[in-house]
Amino acid sequence: MAEYIWVVFFMGIGLVFAGGALITNWLLKTSKPNEERLSPYECGEKPIGTSWIQYDIKYYLYGLIFIIFEVEVVFIIPWAVIFSSSGIAPVVLFVEMMIFIGILLIGLIYVWKIGALAWE
């Protein structure tokens, strides 16, 4: 039961920090809206039109594909670190990683075949 006390303690500290940040922001903010502050930000350029436009679904597909391959890197880096220091035979670890990369490669080929990577 003593282990749970520490969990509750650190969760409380996290809530205090998060709540403190929100309260501090609420207390210190300035409330003087003007036309420039209310306009959408476009990398320092003057905005053209409204910010309520519809984007093509391909932008979201590119984002999802990017996230999938970033997750791959999250798994490959720890694998590379423990590759030589683990007690498991290196051949087994290598085959497991090739299976993982093969599955992702099949997914990439599928996405390519359905035309999700074609820029139009």
Side-chain angles (χ1 to χ4, degrees):
M1 192 68 176
E3 296 88 14
Y4 294 112
I5 292 173
W6 286 107
V7 171
V8 171
F9 174 71
F10 283 113
M11 286 177 63
I13 289 175
L15 289 173
V16 167
F17 273 110
L22 290 172
I23 290 170
T24 303
N25 182 32
W26 180 73
L27 290 173
L28 297 178
K29 71 176 182 170
T30 58
S31 180
K32 298 177 185 173
N34 57 26
E35 185 179 339
E36 186 175 345
R37 285 187 70 190
L38 294 176
S39 68
Y41 178 70
E42 295 183 4
C43 301
E45 297 293 323
K46 296 287 183 189
I48 301 170
T50 67
S51 60
W52 293 98
I53 59 173
Q54 291 183 350
Y55 289 100
D56 192 10
I57 190 68
K58 294 209 182 248
Y59 293 115
Y60 298 107
L61 287 176
Y62 281 117
L64 287 173
I65 293 167
F66 175 76
I67 288 172
I68 289 169
F69 286 101
E70 287 299 307
V71 169
E72 174 188 7
V73 171
V74 168
F75 285 114
I76 288 178
I77 290 174
W79 170 83
V81 170
I82 67 163
F83 183 75
S84 61
S85 64
S86 71
I88 303 172
V91 174
V92 174
L93 289 174
F94 183 73
V95 169
E96 287 177 352
M97 187 50 68
M98 289 303 111
I99 291 171
F100 177 71
I101 292 174
I103 291 170
L104 288 172
L105 187 61
I106 290 170
L108 178 63
I109 292 169
Y110 172 74
V111 168
W112 194 348
K113 286 284 188 185
I114 65 170
L117 297 178
W119 192 265
E120 296 176 9

Check whether Val81 and Val73 end up in the same hydrophobic cluster, where Ile, Leu, Val, Met, Phe, Trp and Tyr are linked by side-chain heavy atoms less than 4.5 Å apart.
no

To the nearest 0.5 Å, tell me how far Ile76 CD1 sits from Phe69 CZ.
10.0 Å

Note, Glu70 side chain near Val74 side chain (heavy atom, < 4.5 Å):
no

Can you hop from Leu61 to Val71 via hydrophobic side chains spaced under 4.5 Å?
no

Check the hydrophobic clustering (I, L, V, M, F, W, Y; side-chain heavy atoms under 4.5 Å; chains of links allowed) and say if Ile99 and Phe94 are grouped together.
no

Check whether any side-chain heavy atom of Trp26 lies under 4.5 Å from a side-chain heavy atom of Leu22, and answer yes or no.
no

Under a 4.5 Å side-chain heavy-atom rule over Ile, Leu, Val, Met, Phe, Trp and Tyr, are Leu64 and Leu108 clustered together?
no

Going from CZ on Phe9 to CD1 on Ile5, what distance comes out if it is rounded to the nearest 0.5 angstrom?
11.5 Å

Is the shortest heavy-atom distance from the side chain of Trp6 to the side chain of Phe10 under 4.5 Å?
yes

Over 60° means perpendicular and under 30° means parallel, so classify the ring planes of Phe100 and Phe75, tilted if in between.
perpendicular

d(Glu72 CD, Ile103 CD1) to nearest 0.5 Å is 11.0 Å

Same cluster for Trp79 and Val95 if Ile/Leu/Val/Met/Phe/Trp/Tyr side chains link at under 4.5 Å?
no

